[in-house]
Amino acid sequence: MSFGTLQLPSVIPKPTIQAIIERACNPQLGEPDLALDLEIADLINQKKQNYPREAAMHIVRLINNRNPNVASLALTLLDICVKNCGHAFHLHIATKEFLNEIVRKFPERPPALLNPIQLRILEFIQEWRSTICVNSRHKDDLVHINDMYRLLSYKGYIFPEIDTQSAAVLNPTETLKSPDELEQEDRAAQAAKLQELIRRATPADLEEANELMKVMAGYDPEAKPDYKKQTNEELEKIQRKTILLNDMLNNVKVGERIGVSDIFEELSQACKVVQPKIQKFIEEEVDSESIDRLLNLNDLINTVLKRFEDTKNGIFEPPEEKPQPPPQSSSTTNESTSESLLIDFGNPDPPQGQIQITDDLLELNGSSNNKPSSEKGTGNAIDDLLGLSFN
């Protein structure tokens, strides 16, 4: 009697993102598998679609695992994903659902001694608030991180100081991007946000999704950002930093030591890091006027960086005249004429949606100025804050 031939499936199903995360957080691991953690981050970046949300929510569930080793491994994985994934992942760690889950085991009032897991969570929230909530081009989508920081602060939790070296990954020194790169970044962020709005599917979310689809479809051409102008503004910032470095070198006295963890080094690094991108722009640009401007800017950076290296090594030359700025393109000359040549280390204004404790938090009978009217709670203002709670 024959039972026929055993038929094996022609395609072996690939493990889900949840299964891979479980491997990375296996309690038997003595230390984090950094190679696997980075593989998960790469997978999130490549697949997109539902991967960022599924990964973020599964990781945060493991952070609340009873086994402290699993929770610690999950926190390490979360940190790697935040630092290596783009806005699609950041969007999901800034949702109320994720933030409520990550602090689910926090007591109503802080204990005398926090456990290591709680300390790391507080450090992460502080780090995100100081980095991506400030410098992200899409920081308006991340306001709930500021809200959670405000809520925890009110309840008495003290945030530890962040590791500046670790946080530096989320504070990139190179922000220069081509118009095409800026547009691609915006479209990826818009697609991720649209998917999340449709998933939640509340009336307000669907209305916002409808408006976002109009933007993505180019319904109003005049509303499209001027990406070329944005790139030119970044080039002007680089130019101002280069000229400022030259002016500072003119004031260095013979025998003075510079270039060791000081503003001279910071400025020189800011100039060095953008040179490859400027040279790439030169290769790809077709407009002769823009090419001339880029070549002049590149020469200006080379000249000032050589002066910096000479001065750093004790080779002093007579002060030079302030380098002439590269000629402005016709599209930006009038707009930039009135700008003073000042260094720009970042945006001094607080990120949109950031909550000021003295203005909002102590008004127990009020509500957040940034909270939409449809979300205002009817109970205690702190417990109702944008749906963020410990429960």
Side-chain angles (χ1 to χ4, degrees), residues 38 41-42 44-46 48 83-90 131-132 134-139 168-192 224-246 249 259 264-309 323-333 335-336 339 341-347:
L38 288 170
D42 288 341
I44 293 170
N45 288 332
Q46 292 169 7
K48 299 181 181 178
K83 289 181 167 70
N84 290 276
C85 296
H87 183 73
F89 190 82
H90 297 166
T131 54
I132 57 176
V134 174
N135 57 42
S136 172
R137 294 180 63 244
H138 308 282
K139 57 191 174 188
V169 178
L170 297 173
N171 275 324
T173 55
E174 181 189 346
T175 57
L176 179 61
K177 296 178 180 177
S178 69
D180 287 343
E181 288 173 328
L182 291 172
E183 184 171 9
Q184 290 174 8
E185 183 180 302
D186 275 0
R187 294 193 71 83
Q190 290 166 351
K224 183 178 179 180
D226 188 342
Y227 295 112
K228 187 172 182 179
K229 180 181 177 182
Q230 292 179 23
T231 299
N232 285 334
E233 288 171 351
E234 288 299 319
L235 289 170
E236 288 165 6
K237 288 182 182 180
I238 296 163
Q239 171 190 308
R240 292 197 296 269
K241 290 181 181 181
T242 308
I243 294 175
L244 178 60
L245 177 57
N246 185 76
L249 290 172
F264 289 93
E265 183 180 34
E266 185 175 348
L267 283 170
S268 66
Q269 288 299 321
C271 295
K272 284 179 183 177
V273 76
V274 298
Q275 275 199 296
K277 184 62 69 72
I278 291 175
Q279 290 161 3
K280 184 180 179 183
F281 286 179
I282 293 171
E283 294 173 0
E284 297 176 350
E285 185 60 64
V286 294
D287 179 67
S288 59
E289 183 181 354
S290 297
I291 292 174
D292 288 342
R293 182 183 175 218
L294 290 168
L295 285 170
N296 287 332
L297 178 57
N298 191 55
D299 290 343
L300 174 66
I301 292 173
N302 284 331
T303 300
V304 176
L305 287 180
K306 185 178 185 303
R307 283 201 68 202
F308 166 75
E309 291 297 334
Q324 291 299 316
Q328 300 289 341
S329 62
S330 58
S331 61
T332 59
T333 300
E335 297 172 3
S336 61
E339 294 183 5
L341 298 176
L342 298 177
I343 188 169
D344 180 3
F345 284 114
N347 185 357

### Summary
Heavy atoms of A41 and C85 approach each other most closely as O-SG, 3.6 Å
### Task
Not counting sequence neighbours, which residues clear side chain to side chain donor-acceptor pair (under 3.5 Å) with N135? List them please.
N171
### Message
Set out, in order, the CA-CA distance, both residues' side-chain angles and the distance that settles side chain to side chain contact (heavy atoms under 4.5 Å, CB included) for N298 and Q275, then state yes or no.
### Response
CA-CA 7 Å; N298 191 55; Q275 275 199 296; 3.2 Å; yes
### Query
Taking the side chain as C-beta and beyond, is there a heavy-atom pair between L245 and R307 under 4.5 Å?
no
### Task
Identify, with sequence neighbours excluded, every residue that meets salt bridge (charged side-chain N to carboxylate O under 4.0 Å, His left out) alongside E185.
R137, K177
### Query
Atom CD1 in I238, atom CG in L267: separation rounded to 0.5 Å?
12.5 Å
#### Entry: All salt bridge (charged side-chain N to carboxylate O under 4.0 Å, His left out) counterparts of K280, not counting sequence neighbours
none
### Task
Tell me, please, which residues at least two apart from R187 pass side chain to side chain donor-acceptor pair (under 3.5 Å).
none
### Query
How about C271 and V304: do any of their side-chain heavy atoms sit closer than 4.5 Å?
no
### Message
Does this structure show an ion pair linking E234 with K237, if we count only N-O contacts that are shorter than 4.0 Å?
### Response
yes
### Task
Please lay out, stage by stage, how I282 and I278 fare under the test side chain to side chain contact (heavy atoms under 4.5 Å, CB included).
CA-CA 6 Å; I282 293 171; I278 291 175; 4.3 Å; yes
### Message
Return the CG to CG distance between L297 and L235, rounded to the nearest 0.5 Å.
### Response
6.0 Å
### Summary
One should read off an interatomic distance between N296 CG and I291 CD1, to the nearest 0.5 angstrom, of 12.0 Å
### Message
Among residues at least two apart in sequence or on other chains, which ones pass salt bridge (charged side-chain N to carboxylate O under 4.0 Å, His left out) with K277?
### Response
E174, E181
### Query
How far does CG of L300 sit from CD of Q239, to the nearest 0.5 angstrom?
7.0 Å
### Message
The criterion is ring pair (Phe, Tyr, Trp, His ring centres under 6.0 Å); which residues satisfy it with H87, sequence neighbours excluded?
### Response
H138
### Query
Do S136 and H90 come within less than 4.5 Å of each other through their side chains, counting heavy atoms only?
no
### Task
For the residue pair F89 and N45, establish whether any side-chain heavy-atom pair is separated by less than 4.5 Å.
no
### Message
Donor-acceptor pair, distance only, cut-off 3.5 Å: does the side chain of T231 make one with the backbone of Y227?
### Response
yes
### Query
Which distance, rounded to the nearest 0.5 Å, do you find between the NZ of K228 and the CD of E233?
13.5 Å
### Summary
Value for NZ (K241) from CD1 (I301), rounded to nearest 0.5 Å, stands at 11.0 Å
### Message
Is the shortest side-chain heavy-atom distance between L170 and K83 below 4.5 Å?
### Response
yes
